[in-house]
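Accompanying notes for the structure given below.
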Amino acid sequence: MSILILAEHDGKHIKQSTRQAVTAAGAWQLPVHVLVTGSNSAVLAKEASEIAGVAKVLHADAAHFEHPLAEDVAALLVQLGADYKVILSAHTAFSKSVLPRVAALLDVAMISDAVSITAPATYVRPIYAGNVLSTVESSDAIQVVTIRATSFAAAANGANAEVTAVNAPVSAGLSRWIKEDKTVSDRPELSSARVVVSGGRSLAERFNELLEPLAHRFGGALGATRAAVDAGFAPNDIQVGQTGTIVAPELYFAIGISGAMQHLAGMKDSKIIVAINHDPDAPIFQHADYGLVANLFDAVPELTAALSK
Amino acid sequence: MEWDHNMKVLVAVKHVVDYNIKPRVKQDGSDVDIAGVKMGINPFDEIAVEEAVRLKERGIATEVVAVTIGKANSQDTLRHALAMGADRVVLVETDADLQPLGVAKLLKAVVEREQPRLIILGKQAIDDDLGQTGQMLAALINAGQGTFASVIEVKGDEIEVTREIDGGTDVVALKLPAVVTTDLRLNEPRFIKLPAMMMAKKKPIDNIKAADLGIDIAPRLKQLKVADPEPRKPGIKVANVAELVENLRLAEVL
Ligand SMILES: Cc1cc2nc3c(=O)[nH]c(=O)nc-3n(C[C@H](O)[C@H](O)[C@H](O)COP(=O)(O)OP(=O)(O)OC[C@H]3O[C@@H](n4cnc5c(N)ncnc54)[C@H](O)[C@@H]3O)c2cc1C
Ligand SMILES: Nc1ncnc2c1ncn2[C@@H]1O[C@H](COP(=O)(O)O)[C@@H](O)[C@H]1O
């Protein structure tokens, strides 16, 4: 019995979260296979075959996988999955859409967002916005699991696994891809950035003007609270929190952020947290390694200038 | 005319611990202690009800039915849905420990009974934080799914769903009947006025006993224990920007 990891890529590279899933799979000490879906995606299958710890790459190359739909990827995984002990991926928007579908079709439960794994079937996962850690044991023959990527190191290169082509079932035609609108930026991906500079709604129209130079100084990513996104000051894909992206960078700046538990859920595992807030009683200070009580409109430009020296 | 046939919308709503409450772990570590804690409609499900009611107000939906699965006290969440404008509500009553696969199977039974054209769920329940039920239901009824919706638009026999995904948004078109799960930006739920709440109290609740449906909902996951996460070590306040920079330098993150 082996483990099957659903790989994710941006058309150019395998995502770091897939490498983190490979590390998580180590808990079982079983051969790790990686499924790469795409169209004209031989380069991506090759890239996956080089990840240390990967024994085999299953490559499903099909025209309808240029923009893989959850319904179609799930059908493929169900076709392959019966031979596996574990179907695993990172807890990303893509896998969150696909894996519950797979689990239901295989008639097994799914474990979402595991932060630790004890083979063969015990998992720790956060519940209630990360306020509680729940340990669960699954009784199913096939384990369908997503992992919290930030809880696992990324597997480096170091393999030369065999790549096997697999046939994908034809599209079920339940849905159709129409278009996408991805943020183009030269900053690193939020979920894996070394430094994240996040702002709250108080930054208002000056969100980018104030935070971008600071993020730029570190080659970091921008993050935001739900309130900043709802108000239209920041795009949806940079919401950090319980219901947004989970981050755990080396350095996290919380600027003009009150520290609601839904926000903390997405960043409290950061190594160093810096908070800047003019309210000395803001809850965020209870979670910050370094707290600065100041008006952010003065402190942020001053900080950016001091760091650029 | 496209809307001549049934455009019934089914909304699944879960009764959960209020989002403002930080739950406590029971002393024996067996579970979270929710006795006497304030509860209410899962915020994503409130967005789902709002969207369904708006579809009806715009003359697109013909009927809005809300369903919850759970203990008798889940009625409060159904009343909330009624007060927002749902036409009818269904309680599938059970005291059992519920997990998404079992919930999806019970919802499938309700779908077969109600025959909706559109089914809306929340993207995630804020208690278990699993985010599975909508996708599982879609799989079980062999329907298309639009997860993390920020805009939906019914177009003939399809629905177009704008989805909040990693790195931006995308748009998919689903054949109806279809399943949609809500994200935060889909709408801002209306404020419920007292008269609407009073009216909702008088409306009937259709009660089905889960046990009568003959569906296996036995939990597949066993919770072994719960615990508080490890607290962070306390930090310090710095007096000014210079002191902050000095500390970051010492921490070797610059
Ligand atoms: C279902 C649900 C899911 C949610 N999911 C998320 C999530 O994933 N992520 C998330 O972030 N939130 C989430 N929230 C929202 C969360 O509860 C908070 O409302 C939100 O995080 C608050 O954002 P904020 O800190 O920007 O705003 P506020 O709470 O309004 O805080 C603003 C802060 O800015 C400070 N400030 C104002 N002006 C200045 C100034 N000039 N200088 C310095 N400081 C200043 C204030 O002192 C205050 O502390 C969710 C809520 C719900 C109900
Ligand atoms: N017991 C329930 N009754 C009705 N709907 C539910 C129930 N549990 C989950 N749901 C729906 O499924 C969504 C996702 O829940 P979950 O998969 O548990 O995160 C919720 O937002 C609800 O719309």
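Residue numbers begin at 1 in each chain, while the letters A, B, ... track the order of the sequences.
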For the candidates [options], which exhibits the highest count of non-hydrogen atom pairs separated by less than 4.5 Å from chain B?
options: A:R226, A:E250, A:K268, A:R217; value: A:R226
options: A:T122, A:V195, A:V132; value: A:V132
options: A:D10, A:D113, A:D230; value: A:D230
options: A:E180, A:K96, A:Q286, A:E137; value: A:E137
options: A:I178, A:L105, A:T92; value: A:I178

Per-residue contact mode, [X] against chain A (heavy atom under 4.5 angstrom):
X: B:V32; answer: side chain
X: B:L137; answer: neither
X: B:F44; answer: side chain
X: B:V161; answer: neither
X: B:N142; answer: both
X: B:A178; answer: neither
X: B:L176; answer: neither
X: B:Q124; answer: side chain
X: B:V238; answer: both
X: B:E158; answer: side chain
X: B:E160; answer: side chain
X: B:P100; answer: neither
X: B:T169; answer: both
X: B:A143; answer: backbone

Under 4.5 Å from any heavy atom of chain B, what part of A:M261 do you find: side chain, backbone, both or neither? side chain

Using heavy-atom distances under 4.5 Å, tell me whether A:L251 contacts chain B through its side chain, its backbone, both, or neither. side chain

Using a cut-off of under 4.5 Å on heavy-atom pairs, state which of B:L244, B:I165, B:I236, B:T162 scores highest against chain A. B:I236

Donor-acceptor contact present, side-chain [X] to main-chain [Y], <3.5 Å:
X: A:R187; Y: A:G219; result: no
X: B:S150; Y: B:L186; result: no
X: B:D45; Y: B:A48; result: no
X: B:K26; Y: B:V226; result: no
X: A:S138; Y: B:L221; result: no
X: B:K175; Y: A:G173; result: yes

Carefully, step by step, assess A:S97 and B:R163 under the rule side chain to side chain donor-acceptor pair (under 3.5 Å). CA-CA 11 Å; A:S97 298; B:R163 306 168 58 234; 3.1 Å; yes

